[in-house]
Protein chains: 2
Amino acid sequence: MTAKKITSWSIGDLAREFDVTTRTIRFYEDEGLLQPERRGQTRVYSAADRTALKLILRGKRLGFSLAESRQLIQMYNPDANRAQLEALLGKIHERRAQLVQQLRDIEVMQLELDEAEQRCLECLK
Amino acid sequence: MTAKKITSWSIGDLAREFDVTTRTIRFYEDEGLLQPERRGQTRVYSAADRTALKLILRGKRLGFSLAESRQLIQMYNPDANRAQLEALLGKIHERRAQLVQQLRDIEVMQLELDEAEQRCLECLK
DNA sequence: GGAGAAGTTTACGTTAACGTAAACTAGCGG
DNA sequence: CCGCTAGTTTACGTTAACGTAAACTTCTCC
């Protein structure tokens with residue numbers, strides 16, 4: 001028996017899985033970040049939508065704005081002409097530079113947390 | 001001749017150094033994140049204020065709220081009683097956990113950027 | 001002593017990212 | 001048939017983090 005692969009989700013499914021409200025998911029659609037289909041009135045989300053949502057939330061954890069996440073999502077789509085692709089490459093490098101900076105920031109902050117912890121423990125002795 | 005070490009800054013100094021507006025710096029003071037002294041009317045910032053500002057801005061790059069940065073700043077101050085210190089240790093661990101998550105997010109995102117770049121380059125060939 | 005330049009206070013304005021509430025519809029089990 | 005659950009639209013509200021503008025003082029430089 002081969003496991004069935006789920007290929008579509010309701011708004012509630014996604015809300016539960018990623019621990020966000022349905023309002024949030026609809027908001028992202030308003031902003032053009034998600035494009036669910038409709039079965040009647042009801043939204044039906046594809047694997048692509050689910051991936052996009054994952055991207056958005058990961059972006060949020062790193063302090064990205066929705067505008068920035070929008071670009072990240074675009075990087076997943078190969079539907080672009082030459083000029084757009086080259087612009088995309090630019091954005092990719094920008095993002096990468098930002099990530100490198102964030103890595104540095106995290107390293108420094110980790111060291112500082114270590115020191116802060118030491119000071120705390122010293123005081124408690 | 002030994003180099004003089006600067007120990008105080010004007011609001012303009014800090015604004016220039018960290019590329020923020022003076023409005024922003026005063027706002028942080030309103031929020032209790034900075035505590036400059038006064039020479040008459042004029043604010044005079046100490047090394048501690050400068051460090052705090054650095055913390056805030058690094059926090060911002062990682063998506064921290066000012067409330068979170070406020071806690072980070074507190075971690076630099078050893079002026080606390082036992083209960084506060086233990087609470088502080090808790091916050092330190094929370095922050096560390098968040099940083100670890102961010103590190104994971106960054107790694108994944110870097111890989112995805114690599115892939116996105118490959119796809120871009122493929123399309124351009 | 002007049003004109004900048006840099007500082008100050010006060011206060012209203014703005015944007016992003018949703019929250020919250022109301023009022024409605026559609027399917028489903030008992 | 002009825003009530004429940006999950007979904008929908010519309011619209012106003014809210015919070016964080018400053019921006020922006022006005023009106024004022026203080027210092028310095030020529």
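Proteins come first, then strands; the chains are lettered A, B, ... in the order of their sequence lines, and each starts at number 1.
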Handout entry: Gap between atoms CD and P, on B:E37 and C:dG7 respectively (whole Å)
Key = 17 Å
Exercise for the section: Nearest whole angstrom, please: distance from the P of C:dG7 to the CZ of B:R26. Expected result: 8 Å
Exercise for the section: Take atom CD1 of A:I25 and atom C1' of C:dA17, then tell me their distance rounded to the nearest Å. Expected result: 15 Å
Exercise for the section: Could I get the full list of salt bridge (Lys or Arg N to Asp or Glu O under 4.0 Å) partners for A:R82, not counting sequence neighbours? Expected result: A:E86
Exercise for the section: Identify, with sequence neighbours excluded, every residue that meets salt bridge (Lys or Arg N to Asp or Glu O under 4.0 Å) alongside B:R96. Expected result: A:D114, A:E117
Handout entry: Partner residues of A:R70 under the salt bridge (Lys or Arg N to Asp or Glu O under 4.0 Å) criterion, sequence neighbours left out
Key = none
Exercise for the section: Round to the nearest Å and state the distance from A:D13 atom CG to D:dA6 atom P. Expected result: 11 Å
Handout entry: Residues forming a side chain to side chain donor-acceptor pair (under 3.5 Å) with B:T51, sequence neighbours excluded
Key = none
Exercise for the section: Output yes when at least one side-chain N/O atom of B:S10 is less than 4.0 Å from OP1 or OP2 of C:dA6, else no. Expected result: no
Problem - Contact state string [nucleotides 18-26 of chain D, B base, S sugar-phosphate only, - no protein heavy atom under 4.0 Å] - result: BBB------
Problem - Protein-nucleotide distance (B:R39, atom CZ; C:dA6, atom C1'), rounded to Å - result: 14 Å
Exercise for the section: Please work out if A:T22 contacts a base, only the sugar-phosphate, or nothing of the nucleic acid, heavy-atom cut-off 4.0 Å. Expected result: nothing
Practice task
Any pair with a residue in residues 33-44 of chain B that passes side chain to side chain donor-acceptor pair (under 3.5 Å), sequence neighbours left out, goes on the list, sorted by first then second residue, please.
Solution key: B:E29-B:R43
Problem - salt bridge (Lys or Arg N to Asp or Glu O under 4.0 Å) involving B:D105 - partner list, sequence neighbours excluded - result: A:R61
Problem - Check: A:R58 and B:E112 side chains under 4.5 Å, non-hydrogen atoms - result: yes
Practice task
May I ask you to verify if any side-chain N or O of B:R38 is less than 4.0 angstrom from the OP1 or OP2 atom of C:dT9?
Solution key: yes
Handout entry: Gap between atoms CD1 and P, on A:I11 and D:dT5 respectively (whole Å)
Key = 19 Å
Handout entry: By side chain to side chain donor-acceptor pair (under 3.5 Å) - contacts of A:Q110 (at least two apart)
Key = none
Exercise for the section: Figure out the CG/P separation between A:L14 and D:dG7, and round it to whole Å. Expected result: 10 Å
Exercise for the section: Give the rounded distance in Å between these two atoms: CD of B:E29 and C1' of C:dG7. Expected result: 13 Å
Problem - Proximity to DNA chain C (any heavy atom under 4.0 Å), residues of residues 42-54 of chain B only - result: B:T42, B:R43
Problem - A:R16/A:D19 ion pair, N-O < 4.0 Å - result: no
Practice task
Could you check whether A:R16 gets within reach of a base, just the sugar-phosphate, or nothing at all, counting any heavy atom under 4.0 Å?
Solution key: nothing
